[in-house]
Amino acid sequence: IESFSHVVNAWAWQQGNLEDGDCAEMAEENFQKLMEMDPDDEMTLQAQNWVLEAWSKTVSEDSPRRAESILLDMKRIQKRSGYATALPNSQSYTNAILAWAKSRVQNSPKKAHEMLLQFLDSYENGELPSGSEPELYAFNGVISAWARAGKPEKAEEVLWRANEVRTKCTSLVADVFTYNSVIHAYLREPDESYGLKKILEIVDYMNGNCNEQAAIRPDCFTYHCVLRAWDRSNRPDATLNAVQTLEKMHKLWEAGDTSLKHSNLYYNMVINKIAKNKNRIDARKALDIFYLLQASRFCCPDIISYTSVIECLSKSNNPGEAAEVSLQLFEEACQLYQEKENPEMMPNLRTYTMAILSLTKNPTLENVVKARSLLTQLEDLYRKSKNPNLKPNAYPYNYVLNCAASCIGDAGDQLRAFQIAMKTYNDLRKSGQTKPDSYTYSFWIKAANNLLPEGDLRSKCILLSFEQCRKDGLVNESVLRRLLAGTPMEVLSKLLQIDKGTSPAVYRKIRLDECPPSW
């Protein structure tokens, strides 16, 4: 009998985790042969425990039912003995629970949860062997099962039950992994506001109790979940909280936290969050995060980092700094790419576009020339490489047009800016890569009205461009507003059939829906 029990143990021990249940099947077959030899209860329970553990490791569809069946039989033997046997113990219950928790069959999280509650009842009723207490693995397994099923509330229910049971045990200690599993589950909550609320509640509990329970102190993975929740949030304070959360992650990484792999992805996420903030763009804070990334011992900026912070600067309220610092960052990114030839540092269309847009914040003639130079560089690079990531669209052309149209300077500067605008407008129209859009015409009309004195040239530029815009069906509110804002009355009368004696207070109120639909 003892020799045959070793055969059962050998097959059970060979069963690999998350594999098909061939070895578990052989262990059970040999267990049935062992039973034909009429072993005593102690030997029977030991062999059953081995087979139960084997089934808990498999991914076979029927493994959880077979594991549960074995546990039930072990409990019957234990009850018959007056609970005098050493098995089933907490590990036996845990293995049966994990068999259901790992399973992908329908309602498996519910079954795992039910078995966990039965386990706790047995513990509280004194039915477990002396010294046997609930194991954290059992709680974590059920939490993971509910998380996979998209039921974070049920996962949280198990978490707080573990916290309650902890106070009655000497060895059960919930850890940060347990809490992180629930927090991560709430990231999948369709109601993003509710998910954020629940995550913050749990993290607040962790921070408030980590002095008593050191194992639940939030780590980088915890804060990465918080960061992602803030990134999804539309709350007015979401950007500020995302920044503060990243700063906590940075400190933990620098202190040696290994719960989450270091990555510039999270720094980029926050810089992008700042760039997309609808309330106020804090370009200085974006730069602070960028410099924090540069100072990291573990990761460094990539082209996404540079592009995102340049985008923030393009929306800054400090025009001088925006243009100057953006250009410095752009040149730094280009130099790093040339030195290291790292594909992750290759400037792309968006990098060029954001750098050009930043220059429009301070549209001196010098910056107009620089903006046009960047566009020419982009065109040349695409022509030589045919790299799709460098293929120009209408945006960089439009931003150069707008920069030129807004040029600050004397008449000579404005004439030079108009020449740049005219070349850019014509280049876009002749481009085989992209076509003008509504904003192309809007900015071109703005350039003509802002940079040219009244006369035939100005009138001709506006007439021809608006007729083409109308022909292309691209007249929108922006085009109409630009046209009405500064176009001479004799030109407007030809384009919009406005009587020459009409007051500007009247014709400037013309609405887009009053224009022919074909426009």
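Since this is a predicted model, take the numbers as computed values, not measurements.
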Asker: Strictly distance-based, threshold 3.5 Å: is any side-chain N or O of S385 a donor or acceptor partner for the main-chain N or O of L381?
Answerer: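 Pair found, side chain donor or acceptor close to backbone of L381.
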Asker: Could you label the plane-to-plane angle of the Y306 and F290 rings as parallel, tilted or perpendicular, counting under 30° as parallel and over 60° as perpendicular?
Answerer: perpendicular
Asker: Could you check whether the rings of Y179 and Y205 sit parallel, tilted or perpendicular, using 30° and 60° as the cut-offs?
Answerer: parallel
Asker: Show the numbers, then the answer: is there a side chain to side chain contact (heavy atoms under 4.5 Å, CB included) between M74 and I77?
Answerer: CA-CA 5 Å; M74 293 175 72; I77 297 173; 5.8 Å; no
Asker: Step by step, would you call Q335 with E339 a side chain to side chain donor-acceptor pair (under 3.5 Å)?
Answerer: CA-CA 6 Å; Q335 183 176 353; E339 290 175 355; 3.0 Å; yes
Asker: Can you tell me if S90 and E133 form a side-chain donor-acceptor pair at under 3.5 Å?
Answerer: no
Asker: Relative to each other, are the rings of Y266 and W253 parallel, tilted or perpendicular (30° and 60° limits)?
Answerer: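 If you compare the ring of Y266 with that of W253, the planes turn out tilted.
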Asker: Between the side chains of N140 and T178, does any donor sit under 3.5 Å from an acceptor?
Answerer: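 Yes, a side-chain donor-acceptor pair sits under 3.5 Å.
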Asker: Between T307 (side chain) and I304 (backbone), is there a donor-acceptor pair under 3.5 Å?
Answerer: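 No.
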Asker: Within a strict 4.5 Å, meaning less than it, do heavy atoms of the S316 and I281 side chains meet?
Answerer: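 Sidechains of I281 and S316: no contact.
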Asker: Establish, from distance only, whether the side-chain atoms of E156 and Y186 form a donor-acceptor pair under 3.5 Å.
Answerer: yes
Asker: Looking at D302, is its backbone amide N or carbonyl O close enough to the side chain of S305 to form a donor-acceptor pair, meaning the two atoms are under 3.5 Å apart?
Answerer: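 Yes.
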Asker: Drop me the distance from L375's CG to L359's CG, to the nearest 0.5 angstrom.
Answerer: 11.5 Å
Asker: Given side chains that start at C-beta, do those of W146 and K110 come closer than 4.5 Å, heavy atoms only?
Answerer: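 They are in side-chain contact.
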Asker: Does the pair R66/E25 count as a salt bridge with the N-to-O cut at 4.0 Å?
Answerer: yes
Asker: Could you note down all residue pairs passing ring pair (Phe, Tyr, Trp, His ring centres under 6.0 Å) where residues 51-91 supplies at least one of them, sequence neighbours left out?
Answerer: none
Asker: Return yes if some donor-acceptor pair links the side-chain N/O of E53 with the main-chain N/O of A12 below 3.5 Å, else return no.
Answerer: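 Not confirmed, E53 side chain does not pair with A12 backbone.
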Asker: Tell me every residue that passes ring-ring contact (aromatic ring centres under 6.0 Å, His included) with H184, counting only those two or more places apart in sequence or in another chain.
Answerer: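 Once residues adjacent in sequence are excluded, the partners of H184 under the ring-ring contact (aromatic ring centres under 6.0 Å, His included) criterion are F221.
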Asker: Do you know which two heavy atoms are closest between I274 and C312, and how far apart they sit?
Answerer: CG2-SG, 3.8 Å
Asker: Keeping to residues at least two apart or across chains, list the ring pair (Phe, Tyr, Trp, His ring centres under 6.0 Å) pairs with something in residues 313-335.
Answerer: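 Listed once each, the pairs are F330-Y352.
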Asker: Given side chains that start at C-beta, do those of E19 and V59 come closer than 4.5 Å, heavy atoms only?
Answerer: no
Asker: State whether the side chain of T222 and the backbone N or O of D219 hold a donor-acceptor pair below 3.5 Å, judged by distance alone.
Answerer: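 Side chain of T222 to backbone of D219, a donor-acceptor pair under 3.5 Å: yes, one is there.
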Asker: Are N89 and N49 linked by a side-chain donor-acceptor pair shorter than 3.5 Å?
Answerer: no
